[in-house]
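Each chain gets a letter, A, B and so on, in the order its sequence line appears, and its residues count up from 1.
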Amino acid sequence: VTDQFRDLLRRSADEAPRPDPDVATQGVTRGRVLRRRRATLAAGGAALACAVTISATFALTQGPGGRDGQQPAPGPAPTVSPPLPDDLPVQVEGDEILVGCGGTTGWAPSVMAEGVPGVVSDAEMTATFQQILSDPEYGVEAELGLFPNGAENVEWRVLRHTDDELTLGLGSWTDQGPVDGARVLGLRREAERWIPDGWGDCQLAPILQPGHTWAHVAKSETAVDRTTSTIPVRVSEGECTGSRDPLPHLKEPVLVEDGGAVTVYWTSTPMTGAATCPGNPLVERTITLQQPLADRPVYDGSVYPPRLVIPPAEGQPGAQQVDLPTSSWQPGDGARGALISGELSLDENGCVRLVNGSNDTYAVWPQDFRAETREGVLVLINADGSEYVEGDLLQAGGAASVPQTGPGHSCLPSGTEVALIQSAVTVIR
Amino acid sequence: VDVEDFEEFAASVAPMLQRTGWLLTHDRHASEDLVQDALAKVYVVWRGRRRIDNPAAYARTVPVRLHLDERRRRRSSEIVTSDLPDPGHDADQSATIALRDAVAGLDRTDQAVLVLRYYADLSVAEAARDLKISEGAVRARTSRAVARLRERLGADFIDDPDAPARQP
């Protein structure tokens with residue numbers, strides 16, 4: 001190959017945009033988080049025991065019957081459903097909707113905390129993990145992504161199994177799913193050994209029946225009249241559909257409702273053939289309940305746990321709403337993986353910002369995030385109703401982008417990069 | 001080795017890693033993601049038990065391996081439409097644009113082989129070790145990739161790889 005080709009490659013490389021100065025810092029931060037996780041994994045067993053205790057305490061305070069007769073409140077999404085309708089387009093086992101990380105197979109949420117017992121032994125799995133770590137093809141990746149503390153004392157549970165396949169949950173899992181970077185590892189049996197079939201993060205969703213693909217439900221721009229049983233929502237298809245009009249393809253929604261909450265399961269007809277992903281249109285539709293909405297919240301069942309769409313009718317007395325820039329991004333949408341972090345704060349104009357060293361970052365938050373001040377303290381509330389308080393050091397994934405031209409949000413600086421949050425937001429301090 | 005040393009190292013190699021990521025993705029955000037992931041990975045190794053003889057050389061190959069590692073990365077269904085415009089250049093960019101398009105049409109492993117051999121200047125043996133494929137596979141992929149680039153770009157850009165190499 002000529003020197004001319006090498007020169008051409010170098011010229012092409014030199015055209016690379018200069019990296020954001022924060023990229024190196026964020027890479028180091030991420031490395032430190034990975035290292036810290038390595039150091040703390042040894043304490044994983046104790047952490048799991050603690051989580052189980054908390055879970056049990058929560059169940060006792062809820063009492064049998066869950067939300068019945070109680071004022072609905074933001075927080076944990078419904079996991080115990082009323083009798084499931086026959087036309088629910090998901091796979092069901094017993095009285096549980098099966099969930100998984102994509103694909104056509106899943107498991108019951110109730111196995112995620114403790115796993116299916118008695119399938120494989122700890123010794124067999126430890127040997128399998130050691131074998132993965134020593135494999136020249138993927139050992140290094142496995143050390144970083146799966147077993148940063150080696151093959152011993154790995155916290156694992158069986159989520160799903162067949163004669164020749166195992167799906168393990170690694171790290172901390174609860175009946176709500178993976179916690180703080182927990183992973184899923186697929187294994188297949190080959191000549192009396194378990195061979196890794198793939199691993200990664202897991203965004204849980206109910207497993208659909210054939211002929212369906214998820215549509216996501218979002219809050220409508222139209223105000224909700226809680227005295228009626230016809231509720232406006234916005235719907236968009238979840239898969240890449242080349243921006244097709246979703247209306248001809250949306251199926252009828254299936255609602256699971258009781259006195260405490262409404263969960264909407266909405267699907268569409270899958271695309272056939274290739275499709276681009278320029279962004280799927282949102283369309284306004286309505287859902288018709290068996291009784292007026294009243295104080296109940298509405299959840300989108302296309303993800304697990306179901307995502308809050310319309311919060312319950314209650315608010316914090318004395319709270320002042322903060323104008324928060326949000327996007328149409330929601331869990332399950334395509335996402336970038338740049339690390340975004342900073343301390344949650346308000347600037348002098350009353351805008352939410354993330355402070356990271358001397359740099360202030362203004363963020364565009366996922367759909368249905370909101371913010372308010374309570375007695376002067378900023379509180380950021382995510383779509384599930386979880387709260388982040390001023391001073392929390394937050395971390396999320398996403399991308400940096402310059403807001404598009406046109407009327408912008410008063411809290412987004414024009415012409416400079418802002419952070420697009422495209423993941424769950426976690427508190428790291 | 002303390003954290004401050006690594007921060008200094010990270011700042012010094014980030015532009016080089018960004019250029020490598022750019023060659024593989026031609027996407028600012030994707031290449032910045034690769035830089036972050038690569039630095040995080042190098043940090044873990046740096047602070048761990050393993051000794052890295054040449055951290056910069058080691059770091060240079062990490063984005064290439066990460067780019068190949070589709071198993072570890074979730075495939076994004078999003079296409080970013082708000083990419084920043086390329087920085088302005090007075091020089092004619094037609095050649096590099098043609099190269100960008102031609103390289104984008106190659107198999108990921110072929111892209112990696114080309115970048116490691118002709119941008120990172122690794123030998124066949126070094127590229128084979130980093131990509132965890134055989135030396136024969138590196139040679140075969142190099143030959144195939146260059147042939148495809150010759151088809152797209154014309155022989156003026158790239159000579160026959162089977163021709164005798166120039167002596168330094």
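The heavy-atom pair separating B:Tyr119 from A:Leu9 by the smallest distance is N-CD1, 4.0 Å. Of all heavy-atom pairs between A:Leu339 and B:Gln36, the closest is N-OE1, 2.9 Å. Between B:Arg117 and A:Arg6, the shortest heavy-atom contact is O-NH1, 3.6 Å. Counting all heavy atoms, side chain and backbone alike, A:Ser12 lies closest to B:Leu99 at CB-CD2, 4.0 Å. In this structure, A:Ala13 and B:Arg19 approach most closely via the heavy-atom pair O-CG, 3.3 Å.
Side-chain atoms of B:His29 and A:Leu420, non-hydrogen and from C-beta on, never get closer than 4.5 Å to each other.
Of the atoms belonging to B:Ala30, heavy atoms from both backbone and side chain fall under 4.5 Å from chain A. Contacts between A:Arg18 and chain B at a heavy-atom distance below 4.5 Å involve the backbone alone (N, CA, C, O).
Applying the 6.0 Å contact sphere to CD of B:Glu8 captures no more than 12 heavy atoms from other residues, nucleotides or ligands.
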